Amino acid sequence: MDCLQIRGGKALAGEVRISGAKNSALPILASALLCKNPLRISNLPDVADVKTLAKLLEHLGSEIQWTSSNEITICSERIIHTKAIYDIVRKMRASILVLGPLLARFGKCEVSLPGGCAIGARPVDLHIKAMEKMGAKISISGGYIVASAPDGLKGGDIIFDKITVTGTENVLMAAALAKGVTKIVNAAKEPEVIQLCEILQNAGIEIAGVGSNELIVRGSEGELLDFKAISVIPDRIEAGTYLCAGAITNSAISLLNVLPAHLEAVSNKLCEIGFGIETQPNAITITPAKKRKAFEMITTEYPGFPTDLQAQFMALATQCEGSSSIEERLFENRFMHVSELQRLGANITLRGNVAKITGGEELIGADVMATDLRASSALVLAGLVASGQTQIHRIYHLDRGYERLEEKLSGLGAHIQRAKEQ
Ligand code: EPZ
């Protein structure tokens, strides 16, 4: 296993290119199951989660050609079976995204229950209820979702009790091939959901309300779709993580290949703390703050403050004067980074789903352990300012969602290297 070694205290400078969005690449890959032609997907992030889903699609019978580490051509004409096996799904819970497409196209499938992860139980009950509303019969057997819709899925009114990103994406893909019209109420409107809508629209599917919480989809009555080539949108969460790298070291750095409109809540929060933010059409520059003020933050669905940047901002809060407060509203256990940040000397107290961070304490390098994808990036950020060396273990969590992280940070002047665990 690998670990990351970081020597803190170095200011950063220069620019970093942001990769394609993992959370857009995953539903796009799943949507290839709806496609009758070979599909070219570019600007894929070279991360483990994308490789895992590609492996699942190949296991189902898709043919995938990697034309580079960031581009594939995928042909899902000859799917040989419809069972998403536990051994692959357990590695990446977003594999649940094959449920809608497989059910819509074949009228049956078995998808392993993804199980929980470090940040919470991560149930998929809303996905299952939505498929049942569209006419599927679903049972749970041996840890698998066993679904059938022998007459095909039919459009229906899906009202989500909670906003669910992959739940919305699963229903969008199912509705695209269903008979009739599907209305999705309380739909997610993350940029990744919007890109999936646009891809389906480009393939001839009528969708109204794109970008709102209410989507109306007219299905193709079972006809496979003719997709256009796709380029994955930039990763707003990776971008926010690098903005935090600039913020925590109080440096001026520029991010290239980003869409600033996807980061409004994040940029506003950074300005509130005291940083400068300048934007161009595909770039963002952060400049140092004279004084970094403590802040309050509550995570909410898009366009609110993203839960996937909560841990990174908690690391930043250790450098802000005064007491900051962070409330996590989406996941019940997304504070696994707290105890590791405390090992570095951070002054954090937890009360339920609210963390209070008293800034101004110097962080001292130590050995810490990654627990989940975004928590790991918070530890990297803290390591950039902790004095001495910070060693981060179990960084396979990081490799799931950050492309060439140590290379990109070294390019900004950080002292960071990957090493083999002793
Ligand atoms: C997506 O996960 C993202 N993953 C997550 O990013 C992100 O944190 C999350 O949305 C929230 O923005 C991908 O897009 C692949 P949800 P998802 O369904 O879809 C509850 C990362 O770090 N819920 O929007 O799984 C759920 O427990 C990852 O890149 C149900 O109760 O999240 C949570 O409390 C982590 N029943 C809330 O809804 C369900 O059937 C939002 O979850 C589904 C969800």
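Being a predicted model, the structure only gives us computed values, none of them experimental. Whatever order the structure lists them in is the order used to number ligands and atoms, beginning at 1.
- Within the 4.0 Å heavy-atom criterion, both parts of Pro123, backbone and side chain, lie near ligand 1.
- Nearest to atom 15 (C) of ligand 1 among the protein's heavy atoms is Asn23 OD1, 3.3 Å.
- Of the heavy atoms in Ile128, none comes closer than 4.0 Å to ligand 1.
- Contacts with ligand 1 closer than 4.0 Å are made by side-chain heavy atoms of Lys22 only, the backbone lying farther away.
- With no hydrogens or angles considered, a side-chain donor-acceptor pair links Gln195 and Ser24 at under 3.5 Å.
- Inclusion of Phe331 in the set of residues having an N or O under 3.5 Å from an N or O of ligand 1 is not warranted.
- For atom 37 (C) of ligand 1, the nearest protein heavy atom (residue, atom name, distance) is Leu330 O, 4.0 Å.
- In terms of protein heavy atoms, atom 36 (N) of ligand 1 is closest to Asp125 OD1, 2.8 Å.
- Annotation for ligand 1: atoms under 4.0 Å from non-hydrogen atoms of Arg374 are 21 (C), 22 (O), 29 (O).
- Looking only at heavy atoms of the protein, atom 17 (P) of ligand 1 is closest to Thr166 OG1, 3.6 Å.
- The environment of CZ in Arg90 is crowded: more than 12 heavy-atom neighbours from other residues, nucleotides or ligands sit within 6.0 Å.
- In terms of heavy-atom proximity, Val50 sits nearest to Ala25 at CG2-CB, 4.0 Å.
- The structure places CD1 of Ile96 at 6.0 Å from NE2 of His127, a figure rounded to the nearest 0.5 Å.
- Contacts of His127 with ligand 1, taken as heavy-atom pairs under 4.0 Å, involve both backbone and side chain.
- The ligand atoms of ligand 1 that sit less than 4.0 angstrom from a heavy atom of Val124 are 39 (C), 40 (O).
- Listed by number with element, the atoms of ligand 1 under 4.0 angstrom from any heavy atom of Ala94 are 15 (C).
- At under 3.5 Å, not a single nitrogen or oxygen of Glu190, backbone or side chain, sits near a nitrogen or oxygen of ligand 1.
- Close contacts of ligand 1 with Arg93, meaning ligand atoms under 4.0 Å from a residue heavy atom, involve 25 (O).
- Enclosure of atom OH in Tyr86 is not indicated, since only 12 or fewer non-hydrogen atoms of other residues, nucleotides or ligands lie within 6.0 angstrom.
- Within 6.0 Å of NZ on Lys91 lie more than 12 heavy atoms contributed by other residues, nucleotides or ligands.
- For atom 2 (O) of ligand 1, the nearest non-hydrogen atom of the protein is Arg122 NH2, 3.5 Å.
- Remark: the backbone N or O of His397 is not paired with any side-chain donor or acceptor of Asp372 at under 3.5 angstrom.
- Partners of Pro303 under the side chain to side chain contact (heavy atoms under 4.5 Å, CB included) rule, at least two apart in sequence or in another chain, are Lys189.
- Closest to atom 18 (O) of ligand 1, if we only count protein heavy atoms, is Thr164 OG1, 2.7 Å.
- With a 4.0 Å heavy-atom cut-off, ligand 1 is reached by no atom of Glu332.
- Ligand 1 has a nitrogen or oxygen under 3.5 angstrom from a nitrogen or oxygen of Leu126.
- With a 4.0 Å cut-off on non-hydrogen atoms, Leu373 touches ligand 1 through its side chain and not its backbone.
- Val165 N, 2.9 Å is the protein heavy atom nearest to atom 24 (O) of ligand 1.
- Residue-environment remark: CZ (Arg404) exceeds the threshold of 12 foreign heavy atoms within 6.0 Å.
- Between the side chains of Ser139 and Ser141, no donor-acceptor pair is found at a separation under 3.5 Å.
- Annotation: Lys108, atom NZ; neighbour count of heavy atoms from other residues, nucleotides and ligands within 6.0 Å does not exceed 12.
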**Report entry** Candidate pair Glu192 and Arg236, rule salt bridge (Lys or Arg N to Asp or Glu O under 4.0 Å), full reasoning
**Finding:** CA-CA 10 Å; Glu192 297 76 28; Arg236 61 193 170 96; 2.8 Å; yes
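- Only the side chain of Arg334 comes within 4.0 Å of ligand 1, judged by heavy-atom distances.
- At a 4.0 Å cut-off, not a single heavy atom of Glu169 sits close enough to ligand 1 to count as contact.
- Not a single heavy atom of Gly167 sits less than 4.0 Å from an atom of ligand 1.
- With a 6.0 Å radius and a threshold of 12 heavy atoms from other residues, nucleotides or ligands, Glu206 has its CD atom at or below the threshold.
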Under 3.5 Å, which donor-acceptor pairs do the side chains of residues 352-359 form with other protein atoms, sequence neighbours left out?
from: Asn353; atom 1: ND2; to: Glu328; atom 2: O; distance (Å): 3.0

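- Looking only at protein heavy atoms, the nearest one to atom 20 (C) of ligand 1 is Lys162 NZ, 3.9 Å.
- Only the side chain of Asp308 comes within contact range of ligand 1, with a heavy atom under 4.0 Å; no backbone atom does.
- How far NZ of Lys269 is from CD1 of Ile277: 13.0 Å, rounded to the nearest 0.5 Å.
- No more than 12 heavy atoms of other residues, nucleotides or ligands shown are found within 6.0 angstrom of CD on Glu296.
- For the pair Ile163 and ligand 1, a heavy-atom separation below 4.0 Å is found.
- Remark: ligand 1 atoms within the under-4.0 Å shell around heavy atoms of Thr307 are 8 (O), 11 (C), 12 (O).
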